[in-house]
Amino acid sequence: MKSRHLVTGLLLGAAMLCAGPLSAQTVKVGFMSTYSGPGAAQGDQLDKGAKLYLKLNSGKLPKGVKVDLISRDDTGANPDVAKRIAQELIVRDKVQLLTGFVWTPNAAAIAPLTAEAKVPYISMNAAGVNILNLSPYMARVSFTLWQSVYPLGQWAAKKFKRAYVAVSDFAPGHESEEAFLKAFKEGGGEIVDSVRIPLANPDFVPYIQRIKDAKPNVLFAFNPAGKQATAMMKAYADLGLEKAGIKYIGPGDLTTDEELQGMGDAAIGVMTVHHYSAAADRPANKAFVAAYKKEYGEKLNPGFMAVGAWDAMDLIFYAIRAQKGKVDPDKTMELIKQYKNPNSPRGLIAIDPETRDIIQNEYLREVRKVGGQLANVEIETIATQLKDPWKEFNKKK
Ligand code: PHB
């Protein structure tokens, strides 16, 4: 009896060994991020979030299934580079999924490719409100600027009379401007003026001086998270707008957590609305921040782009698990539409099946000093499980 079991066991073991390499599945995921140029700090956030997820969760894939993240540098908001890289990833590397993408112009440029090649795309950041309308194979776990700015504008209209609006001159900036103008004016506020600042190499000082001279009660601004947001904060401090009684508000891009310590005390009191703060005390966030610090160093805080990357990987893993490693594009899109995650560091998130966009909470936050460190302290949940307001306003009746 015993020896028969042994023989059967050995045969089974041998069969499994033979079957191993044959049944092994590698899911190829094209990962476009920014590793060079002025946007490299944002790309680094995507990289850190995605790789941390992979490291901690690869054991949760079905047996024999592996994810191969093929990283490429888009060098910044460069649609032509993005298109060439996406083509290479699809045709040469035969990726089954595309993810990453800091920049809206890049995501918009590659949208037709995702539809032609049927390669599902999941945005870790690119937030342009219209991107997902360009291809049925695109979905997003990050945010739209309307999600943060519209509720912020409504709140601001109750606090301030006269606002100056300053945004970066590209799609997310224009969308921030539009969302703020609508909410602030609907709430009875007055817009003193509105200015668009170039995306490439901006010098904020002349703009900030003009804003100071116009004497608004509040400055609403958007520029890309990272070094630009820090430079704008510095100009706001150096020209003494805070002392002149001009409050500074915007989406969380202005005070992103990985940059916040370098912004200095001028950031204290800045009010923002956003879906993620490293200082949030949700248990899932505490675990995420602890894992992030363990991996990358005690001094580093994850910003919202690292969380976008983490959550996108969670969605990708869910779709791979549900298909046992055999990724079919249409099935993947159907699964994405049903995705829900109560354990995101930002709280409950879900994909809106109608639009393939993210549904999430938005928090009103104030920069405060907590234990000697600047932090985006969440004060209230200003919108619960909010769908993209722009799509809601523009629904075909
Ligand atoms: C975008 O290109 O969609 C984008 C870039 C940086 C941000 C937000 C949005 O902070």
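We count ligands from 1, going down the list as the structure has it; atoms in each ligand are counted the same way.
The proximity of Thr104 to ligand 1, defined as any non-hydrogen pair under 4.0 Å, involves the side chain as well as the backbone. With a heavy-atom cut-off of 4.0 Å, Thr256 does not touch ligand 1 at all. With a heavy-atom cut-off of 4.0 Å, Pro224 touches ligand 1 through backbone and side chain alike.
Of the charged side-chain nitrogens involved, none lies within less than 4.0 Å of a carboxylate oxygen, so that Lys28 and Asp93 do not count as a salt-bridged pair.
In Asp281, the CG atom is not crowded: 12 or fewer heavy atoms of neighbouring residues, nucleotides or ligands sit closer than 6.0 Å. Surrounding NZ of Lys83 are at most 12 heavy atoms belonging to other residues, nucleotides or ligands under 6.0 Å away.
Of all protein heavy atoms, the one closest to atom 10 (O) of ligand 1 is Asp253 OD2, 2.6 Å. Atom 9 (C) of ligand 1 has its closest protein heavy atom at Asn125 ND2, 3.8 Å.
Residue pairs meeting the side chain to side chain donor-acceptor pair (under 3.5 Å) criterion with at least one partner in residues 310-321, sequence neighbours excluded, are Tyr53-Asp314, Asp311-Ser344, Asp311-Arg346, Asp314-Tyr339, Asp314-Asn341. Listed by first and then second residue, the side chain to side chain donor-acceptor pair (under 3.5 Å) pairs involving residues 241-250 amount to none (not counting sequence neighbours).
The distance from ligand 1 to the heavy atoms of Ala126 drops below 4.0 Å at these ligand atoms: 3 (O). Of all atoms in ligand 1, numbered sequentially from 1 with element shown, those under 4.0 Å from a heavy atom of Phe170 are 2 (O). Counting the atoms of ligand 1 from 1 in the order shown, those under 4.0 Å from a heavy atom of Trp103 are 2 (O), 5 (C). Set against the non-hydrogen atoms of Val102, the atoms of ligand 1 under 4.0 Å away are 1 (C), 2 (O), 3 (O), 4 (C), 5 (C).
Taking the ring centre of Phe204 as origin, the terminal cationic atom of Arg210 falls outside the region bounded by 6.0 Å and 45° from the ring axis.
With ring centers used as reference points, Phe143 lies 6.0 Å or more from Tyr276.
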